[in-house]
Amino acid sequence: MLKININLHPVKTIKKALTNSTGVKSNSKPVNDLYIPNFNRYIKREDFINTLTESTSSDSDFSAFENTIKENSALLSSFSKEGLPLSYPRKKFVNNLETILRSIDREGKTAILTKLGIELTRAPYSNKIAGYNGILDPEKLNLNDKTQKRIYDECYKFLYQNSVNTGNEYLDEALNTVIKGAPEFINIIGKKQHGNHDYSVDIHSLMVLCNIINHPEYKNLSDDDKFILKMTALFHDIGKKEGVTDPEHPIVSHRLALSFIDKYKLSPDIRTKVLKNIKNHQWLQWYNNSNASKDIVDRLIADYDKPSDYTMALIMSSADLAATSDFINNAFSYLLNNKQQRPMRKAVEAKFDVKL
């Protein structure tokens with residue numbers, strides 16, 4: 001197993017915390033503030049982290065998970081704007097949620113949506129619910145209220161009893177490990193983007209992941225940096241608004257990631273870098289808009305602790321652009337060439353006294 005600097009609690013420690021000395025389950029909170037009913041979710045989160053950090057195989061530069069994503073890029077791309085096929089699809093969940101909400105007055109509906117942590121989106125020229133923005137959190141619902149219990153059951157089924165079925169067993173195994181261990185990701189499966197994008201938010205994120213793994217500089221990164229990029233790819237658009245241009249989404253995605261990232265028990269350094277990479281993943285746009293001004297260059301490299309942080313930023317931007325559309329990629333990919341990157345490169349060289 002890859003020795004990445006991640007501070008997961010050992011499973012046996014959690015199991016011990018779930019029982020007292022007599023072997024009877026305790027009512028107190030175990031380590032990590034997890035309640036007994038959530039223990040399986042903790043194990044699945046651990047499986048997810050282990051999958052992202054597994055070592056490369058002896059006959060390959062890539063891990064089994066990385067090879068599975070690489071080898072199935074065409075299949076992933078084929079789901080384009082519809083998103084991954086789920087046993088309980090987003091559209092069906094949204095329709096069921098809308099049906100339940102019809103019986104509630106406006107004030108009650110607002111209160112429930114606030115508890116869930118989401119806002120509903122409407123179809124163009126219609127009052128029909130098309131989707132939602134945010135990350136579902138059904139745990140705040142009052143289960144003694146029949147309506148809220150119905151909504152809780154739908155959310156539970158959507159978040160925790162769902163599964164991906166692409167028709168490829170190896171890809172399904174990899175993706176189900178992701179959604180079981182990172183149910184937050186389910187919130188973007190099938191989520192529409194604005195018209196200039198070729199993919200739904202989930203497929204875009206997975207194509208970013210694929211492009212990162214395929215980047216020629218990826219295999220030269222440390223194991224920690226590879227993990228950081230994989231986490232960034234999966235969650236960089238977690239806060240993106242549905243169906244519209246959303247220039248503020250890196251900030252919202254960072255805020256939402258803050259709400260769940262501690263569930264993974266990452267080391268402080270890796271936690272910080274994942275969050276910074278999510279928040280700054282559109283640095284190339286800011287760089288372009290400022291004409292590579294010294295102020296924006298200084299602001300960007302202030303977050304770099306080593307030269308490879310700049311390499312990671314370049315890999316992420318290249319992967320992100322390539323997973324949008326030909327139109328967007330062709331319009332902005334020139335910003336990654338040597339000439340355009342000279343101010344950034346020189347600033348990094350000066351900060352770390354290296355030659356890039």
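- By the 6.0 Å contact criterion, CZ on R345 is enclosed, its count of non-hydrogen atoms from other residues, nucleotides or ligands being greater than 12.
- A side-chain hydrogen bond (donor to acceptor under 3.5 Å, both in side chains) with K240 is found for exactly one of Q193, H194, E248, namely Q193.
- Looking at every heavy atom in both residues, L221 comes nearest to I315 through CD1-CD1, 3.9 Å.
- The pair D309-K306 meets the salt-bridge criterion, with a side-chain N (NZ, NE, NH1 or NH2) lying under 4.0 Å from an Asp/Glu carboxylate O.
- No option in K128, K109, K91 other than K128 meets the salt bridge (charged side-chain N to carboxylate O under 4.0 Å, His left out) test with E98.
- Within a 6.0 Å sphere centred on NZ of K115, other residues, nucleotides and ligands contribute more than 12 heavy atoms.
- Sorted by first and then second residue, the salt bridge (Lys or Arg N to Asp or Glu O under 4.0 Å) pairs with a member in residues 185-210 read E82-K192; sequence neighbours excluded.
- Salt-bridge annotation for K276 and D305: absent, with no side-chain N of the basic residue lying under 4.0 Å from a carboxylate O of the acidic one.
- By the 4.0 Å N-to-carboxylate-O rule, K265 lies too far from E46 to be salt-bridged with it.
- Alongside V348, the hydrophobic cluster contains W283, L284, W286, Y287, I296, V297, L300, I301, Y304, Y310, L314, L321, F327, I328, F332, Y334, L335, L336, M344, F352, V354, L356 (criterion: ILVMFWY side chains under 4.5 Å).
- No side-chain donor from either of S205 and Y199 sits under 3.5 Å from a side-chain acceptor of the other.
- Of the charged side-chain nitrogens involved, none lies within less than 4.0 Å of a carboxylate oxygen, so that K157 and D153 do not count as a salt-bridged pair.
- The local environment of CG in N330 is crowded, with over 12 non-hydrogen atoms from other residues, nucleotides or ligands closer than 6.0 Å.
- Judged as a side-chain hydrogen bond (donor to acceptor under 3.5 Å, both in side chains), and not counting sequence neighbours, the contacts of D237 are H204, H249, H281.
- Note that R271 lies outside the cation-pi zone of Y264, set by a 6.0 Å cut-off to the ring centre and a 45° limit from the axis.
- The nearest pair of heavy atoms linking N127 to R122 is O-NH1, 2.6 Å.
- With 3.5 Å as the limit, one finds a donor-acceptor pair spanning the side chains of Y218 and E66.
- Here the CG atom belonging to L209 is positioned 9.5 Å from the CG atom belonging to N214, to the nearest 0.5 angstrom.
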